[in-house]
Amino acid sequence: MESLVFAMVQEPSATASVAEQARSLLGAHLTGHGVTIMVTEVEAYAGPDDPASHAYTRTARSEIMYGPPGRLYVYRIHGHHCANVVVAGPGPAAAVLLRAGAVTEGTEVARARRGATRSGPVPDSRLAAGPGNLCRALGITMTDLGTDLADPTTPVTLTPAVAGTTGPIVAGPRVGVRRNADVEWRFWIDGQPSVSAYRRHPRAGR
DNA sequence: CCTCCGATGTGCT
DNA sequence: GCACATCGGAGGC
């Protein structure tokens, strides 16, 4: 409650709908290279007014977020890939990070891509748990950067959710961000086993 | 050039 | 809860 007021004061109405668009992606179906997931966890990132966003500074890497919505923004971090949907915010360069999903098709392919950890095989419910693992399960790499997600002929496509079919949606602070660490722009479907545990950035303020 | 540092994942104490 | 592998982007010099 208090944090919501804080967010509204900090972020004027220009970015409020970025969070709404992130919420609306929950329950959508994303297909990547033969594997389909239902999206269970997302995070909203705004543009130049959101220091946690890559679009906070406009560079060659973040340029795609200043372009048309519905395209895929892929970046690498710590040797992993992360996938975002560029959305049309009231402000420029809004995007939604796809953090987790439940595999609904292509489970065998996803298992093969994930392989086994030292402690054993990855449970099917966690094949696309976490943004890096989601990309691995779906075979998303930098070659998919800029894909038009509405074009059914591409290897990566997004099918919108039917509103009101996901069950309860929960919100909290974004995982692992140092700046704007208290803005509650992570959204997930309550009870889904693919959803990440919250980890605060070690050097986040407060 | 060179340094810093993550929108991470995994394993271990 | 904590350490660390890992690597490219971004910015400083």
Side-chain angles (χ1 to χ4, degrees), chain A residues 7 10-11 15 18-19 21-23 25-26 30 32 37 39-66 71-87 89 91-101 103 110-111 113-146 171-188 193-206:
Chain A
Q10 229 193 9
E11 305 293 335
T15 54
V18 180
Q21 293 191 71
R23 287 177 61 108
L25 280 174
L26 292 173
L30 179 74
I37 61 169
V39 177
T40 58
E41 181 188 2
V42 296
E43 281 174 359
Y45 287 87
D49 56 347
D50 180 13
S53 173
H54 291 169
Y56 182 63
T57 55
R58 188 169 184 167
T59 66
R61 178 176 66 158
S62 65
E63 189 61 31
I64 183 164
M65 289 189 281
Y66 287 83
R71 305 239 292 252
L72 194 68
Y73 166 47
V74 184
Y75 67 91
R76 302 201 63 179
I77 185 170
H78 293 281
H80 304 273
H81 297 275
C82 293
N84 301 248
V85 179
V86 176
V87 301
V96 176
L97 172 66
L98 304 170
R99 286 197 56 92
V103 176
R111 282 188 196 131
R113 287 185 179 143
R114 287 300 312 277
T117 64
R118 185 177 305 237
S119 56
V122 178
D124 285 356
S125 65
R126 304 221 18 112
L127 285 171
N133 290 330
L134 182 152
C135 284
R136 275 174 64 189
L138 270 58
I140 293 174
T141 66
M142 293 306 291
T143 66
D144 298 303
L145 175 63
R174 294 173 289 188
V175 172
V177 298
R178 182 172 62 84
R179 295 184 287 183
N180 262 8
D182 298 317
V183 174
E184 300 193 334
W185 275 359
R186 180 166 71 118
F187 305 95
W188 65 94
S194 54
V195 173
S196 307
Y198 176 63
R199 294 194 317 279
R200 189 175 179 84
H201 191 285
R203 300 198 295 124
R206 189 169 63 97

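Lettering follows sequence order; numbering is per chain, from 1.
For A:Gln21 (side chain) and A:Val87 (main-chain N/O), no donor-acceptor pair under 3.5 Å exists by modelled atom type. For the pair A:Thr40 (side chain) and A:Ala100 (backbone), a donor-acceptor distance under 3.5 Å is present. Between the side chain of A:Asn84 and the backbone N or O of A:Tyr73 there is at least one donor-acceptor pair closer than 3.5 Å.
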(request) Go through A:Arg99 and A:Leu134 one step at a time and tell me if the side-chain contact (heavy atoms from CB on, under 4.5 Å) criterion holds. (result) CA-CA 7 Å; A:Arg99 286 197 56 92; A:Leu134 182 152; over 6 Å; no

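A cation-pi contact links A:Arg58 to A:Tyr66, judged by a cut-off of 6.0 Å to the six-membered ring centre and 45° from its axis.
Applying side chain to side chain contact (heavy atoms under 4.5 Å, CB included) to A:Val74 and the options A:Thr143, A:Thr141, A:Ile140, A:Ile64 leaves one that passes, A:Ile140.
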(message) Each nucleotide in nucleotides 1-13 of chain B should get exactly one letter: B, S or -. Can you fill that in based on protein heavy atoms under 4.0 Å?
(response) ----SBBBSSS--

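Judged by Watson-Crick or G-U wobble contacts below 3.5 Å, the nucleotide B:dC12 has C:dG1 as its partner. B:dA7 is unpaired under the Watson-Crick or G-U wobble criterion, no partner having all donor-acceptor distances under 3.5 Å.
Smallest separation of non-hydrogen atoms from A:Ala129 and A:Ser194: CB-O, 3.4 Å.
Between A:Arg114 and A:Asn133 the shortest side-chain heavy-atom distance falls below 4.5 Å.
Using a 4.0 Å cutoff on non-hydrogen atoms, no part of residues 56-64 of chain A comes near DNA chain B.
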